[in-house]
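It should be emphasised that the depicted structure is a prediction, and the values quoted were computed from it without experimental measurement. Positions are given from 1 along the sequence. Only this structure's heavy atoms are used, side chains among them; waters, hydrogens and symmetry mates stay out.
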Amino acid sequence: MKRPFLLLLALSSTALSASVPFRAWSDARSLASEASFEAKLPNFALCGSSDFDRSKAPRNLLTGYDNLTKVVSGLPGDSPVRAELELTLAQMRMNLAKVAPGTPRAMPTSLTEALKNAQAWLENNEAKGWQAFTASLDAKTPKSASQAALAAAMLGKPNAALAALLVAHRLEPQNPQTLTNLGGVLQTLGLSGEALVVLDAAAKLTKNDAGAFGWSSTATLNANRGLALADLHRWNEAEGALSSALKGEPMLAEARLGLARVLTCQGKTAQAAKFARAGRRRTPPAQAANATSPSVADATLPTNEISGATSGNNANASAHLPASFTFDLSRGQDFNLPNLKLPQTLKDAVVLLDKYQKLRDDLHARWEAIRKRREDIEAQLRHRPQASPLVEARRAALWQARLHVSSEPTVSRLYEAQRKSGLEVAKVDGDFSHCSSGCIAPEFIKKARTPEELYALCNAAMSTQNDKWRSAMHAHAQNLGTYLKAAYKLETALAANYSDSLLHEQTSLDAEFLVVSEFMGYVTDAWHWAHDVKAFACYEGPTTDTSDPIAGQLVTPRADPCKAVYDGMSLSFSVSVVGFSISCDAMSVSAATPGWIGAFGSFSQSFGNKEYTVTVGIQEGVSVGVGNVSAGATSQQGAYVSWGASGITDAGVSITTGASVGATRGSIGGSKDVITDVTGALSGKWSFIASPGGVK
């Protein structure tokens with residue numbers, strides 16, 4: 001039974017005056033260098049490989065090949081094991097091509113023949129599914145058939161989507177969106193000749209209007225067409241189509257990956273590596289734009305990356321985009337470093353020594369409590385089942401961002417400044433008596449001829465050094481406080497991207513651990529100097545105690561964990577039997593009851609390296625109230641999900657909320673949750689975009 005279309009938009013109202021950006025999970029991926037990608041291009045492109053006929057291949061060889069393909073697709077791209085297994089796969093392909101050589105399929109001479117071939121494929125491979133769909137209520141109208149195809153594609157069943165799209169076209173033959181999506185599905189299923197004929201027919205009907213996300217319909221068509229031409233080894237034509245696709249819509253990562261294959265097969269591996277690397281993320285870097293010719297769009301988007309691996313092997317070095325580009329940072333918490341009382345005189349230093357010791361002990365106890373709780377959380381995380389691969393990848397990206405907080409653009413300069421001022425404090429202290437040569441203390445000890453003279457020289461030298469040390473400590477406190485304020489805000493903002501309670505607490509504790517450790521180090525610097533002053537015993541007069549506090553409280557507020565309403569980037573909807581939701585570190589696509597879709601077999605092992613993306617639009621004119629602002633939803637709003645052999649490989653969302661609503665990339669500020677139910681909000685605009693898969 002079909003459920004109604006429901007859409008839940010979660011919007012955050014802030015004082016900022018910018019719209020919420022497109023947010024793609026793949027943009028948070030760490031990527032190896034172009035050289036690393038270039039080394040893997042031959043196996044990715046398969047330029048000269050002969051296709052094999054699966055229907056004629058021995059079952060044991062085919063099962064082994066499919067199983068190994070699935071294993072390889074689940075391994076990290078830089079895994080040495082993966083590299084070895086990919087060589088094994090290449091050899092298995094050659095063996096299969098020998099025992100079951102593929103027969104080149106004749107190109108269909110007309111759209112009618114292409115559609116007939118597509119139906120024959122279903123009747124041969126998915127007879128039960130084809131019968132189940134044609135007998136269902138979804139096959140009665142072009143709209144319901146198109147929505148059924150969308151549901152099937154979102155569930156990772158392009159074979160079921162093919163059935164629905166064939167019927168949708170039969171009922172509405174002049175709909176260019178149906179033909180474009182049908183061409184993408186045929187390409188994914190390996191029917192490249194049929195795909196090309198269908199897409200050429202779509203081109204005669206397509207107007208350059210906007211599809212889901214506002215992406216050009218013509219660009220989407222050209223992306224699918226370019227990949228079909230590539231599979232037919234028509235490299236020059238494929239390059240032209242894919243370049244045109246990128247010119248019309250730079251966000252088409254599928255076209256970038258297609259160009260990586262096409263350029264490799266034309267011997268342009270250096271250029272291909274740029275596209276292979278850029279294609280692993282949805283948002284393109286500017287430098288990948290003009291790699292081949294002016295016809296490829298110049299995407300003026302951020303290119304600054306943060307280095308990950310720092311090993312000497314540059315080919316395996318990785319880098320990721322700044323956290324502000326890939327995560328919402330609007331909920332970071334403020335932190336202020338407490339003022340610490342510093343000694344005006346040598347006598348003050350001795351008075352403060354015990355108080356420094358007490359404060360240091362208290363901070364260490366707090367530090368130890370945090371450490372033990374972190375160990376408890378890590379033990380719990382190790383013993384619980386993993387989430388889906390895509391969610392785990394999202395959380396791994398958050399982990400990388402947490403590891404590199406000090407390298408972030410908003411923090412790195414501040415980190416370096418406090419590091420230098422901390423070294424200056426240590427130098428002033430060390431110059432007095434803790435250096436290997438040229439220390440101040442040994443010099444006046446040599447000069448002193450009597451105890452009285454030693455006391456006078458010590459008092460004068462140490463008083464002068466106390467002034468220098470105090471000045472250095474003040475400068476360091478300023479730099480340390482500024483750095484910790486930025487770092488704590490960033491770390492707590494990252495914590496707010498977790499809906500998982502344990503991961504949220506772990507990240508919040510990391511933020512607290514940082515400031516406790518750094519403040520404890522600052523107090524230790526003060527204790528160390530005061531200890532030296534007392535040890536030299538050249539201060540004036542007796543010491544007296546005081547009950548005045550020497551520092552304010554170390555307050556570490558936590559950000560709330562991610563909720564269903566967050567960042568204006570949380571979205572959930574249902575279409576037919578499929579439910580989709582994405583928010584922060586969680587994403588799911590599920591079927592309530594599979595219905596006729598369940599009659600189709602699993603297609604995951606037959607993908608090979610291929611992937612595809614489904615985009616879903618939100619209809620124009622839907623009014624969403626946010627505070628005192630009302631913003632119209634447009635076709636630029638929506639979500640996408642990408643499927644491959646290992647399941648869902650990427651997802652993203654875009655919600656435009658108007659001139660004074662939402663948080664910009666890189667913003668750090670307060671926000672207020674507002675939740676509004678919107679019904680009937682799916683636009684009917686959706687796209688099926690084929691992909692050759694990425695270089696892993």
Residue pair S508 / A495: nearest heavy atoms and the distance that separates them: OG-CB, 3.8 Å
Side-chain H-bond candidate by donor/acceptor type, D532 with H434, under 3.5 Å: yes
Lys/Arg N to Asp/Glu carboxylate O, D362 vs K358, below 4.0 Å: yes
Mutual orientation of the aromatic rings belonging to H320 and H404 [parallel < 30°, tilted 30-60°, perpendicular > 60°]: tilted
Flag side-chain contact, heavy atom, 4.5 Å: T283 against F325: yes
Minimal non-hydrogen separation, L41 against A260, with atom names: CD2-O, 4.4 Å
From CA spacing to verdict: salt bridge (charged side-chain N to carboxylate O under 4.0 Å, His left out), E368, R371: CA-CA 5 Å; E368 187 65 22; R371 186 190 65 79; 2.2 Å; yes
Whether R256 side chain and A278 backbone form a donor-acceptor pair below 3.5 Å: yes
M462 to V533 - nearest heavy-atom pair and separation: CE-CA, 3.3 Å
N/O donor-acceptor pair under 3.5 Å between Q465 side chain and V428 backbone: yes
M520 backbone acceptor or donor facing H364 side chain under 3.5 Å: no
Backbone of A493 reached by a side-chain donor or acceptor of N497 within 3.5 Å: yes
Any Y415 side-chain heavy atom under 4.5 Å of Q418 side chain: yes
Note, L509 side chain near E512 side chain (heavy atom, < 4.5 Å): yes
Matching residue for V405 among D510, L494, L514 - test: side chain to side chain contact (heavy atoms under 4.5 Å, CB included): L494
Nearest heavy-atom neighbours spanning I377 and L502: CG2-O, 3.8 Å
Test: E34 and K274 ion pair at under 4.0 Å: yes
Presence of salt bridge, E424 and K420, under 4.0 angstrom: no
Donor on one side chain, acceptor on other, S588 and S581, under 3.5 Å: yes
Chi angles and distances behind the side chain to side chain contact (heavy atoms under 4.5 Å, CB included) call for K485, N336: CA-CA 6 Å; K485 188 178 186 70; N336 293 306; 3.1 Å; yes
E416/R419 ion pair, N-O < 4.0 Å: yes
Donor-acceptor under 3.5 Å (S471 side chain, D467 main chain): no
pair R29-D650: side-chain heavy atoms closer than 4.5 Å: yes
Steps toward side chain to side chain contact (heavy atoms under 4.5 Å, CB included) verdict (W25, I582): CA-CA 10 Å; W25 279 21; I582 182 171; 3.7 Å; yes
Whether over 12 other heavy atoms sit under 6.0 Å from N339 CG: no
Spatial distance of atom CG (L457) from atom CD (E443) [nearest 0.5 Å]: 11.5 Å
Evaluation steps, side chain to side chain contact (heavy atoms under 4.5 Å, CB included), between T492 and R558: CA-CA 7 Å; T492 51; R558 290 187 181 181; 5.9 Å; no
E305 and R281 ion-paired at < 4.0 Å: yes
F327 CZ to L490 CG distance, which is reported to the nearest 0.5 Å: 10.5 Å
Point-to-point distance, once rounded to the nearest 0.5 Å, from CG of L31 to OG of S318: 8.5 Å
L554 to P338 - nearest heavy-atom pair and separation: CD1-CD, 3.6 Å
Donor-acceptor pair, side chain of R277 and main chain of A32, under 3.5 angstrom: yes
Side chain to side chain, Y483 and S406, heavy atoms closer than 4.5 Å: yes
Value rounded to 0.5 Å, distance of CG in L480 from CG in L414: 11.0 Å
Pair D376, Q380: side-chain N/O donor-acceptor within cut-off below 3.5 Å: no
Close side-chain approach of L346 and F536, heavy atoms under 4.5 Å: no
Nearest atoms (heavy-atom pairs only) where S499 meets A586: OG-CB, 4.1 Å
Heavy-atom side-chain contact between R374 and Q506 under 4.5 Å: no
Geometric cation-pi criterion, R282 with F22: 6.0 Å, 45°: no
Worked check of side chain to side chain contact (heavy atoms under 4.5 Å, CB included) between W529 and F432: CA-CA 10 Å; W529 176 251; F432 189 78; 4.3 Å; yes
Q553, CD: over 12 other non-hydrogen atoms inside 6.0 angstrom: no
Interatomic spacing from CG in L381 to CG in L503 - rounded to 0.5 Å: 5.0 Å
Pairwise side-chain contact, Y498 with C562, heavy-atom cut-off 4.5 Å (strictly under): no
Pairs flagged by side-chain hydrogen bond (donor to acceptor under 3.5 Å, both in side chains) wherever residues 385-398 is involved - sequence neighbours left out: R395-D585
Rounded distance [0.5 Å steps], CG in L353 versus CG in D348: 12.5 Å
Electrostatic pair D500:R384 at N-O distance under 4.0 angstrom: yes
Main-chain N/O of L342 paired to Q344 side chain as donor or acceptor, under 3.5 Å: no
Check: A349 main-chain N/O paired with Y356 side-chain donor or acceptor under 3.5 Å: no
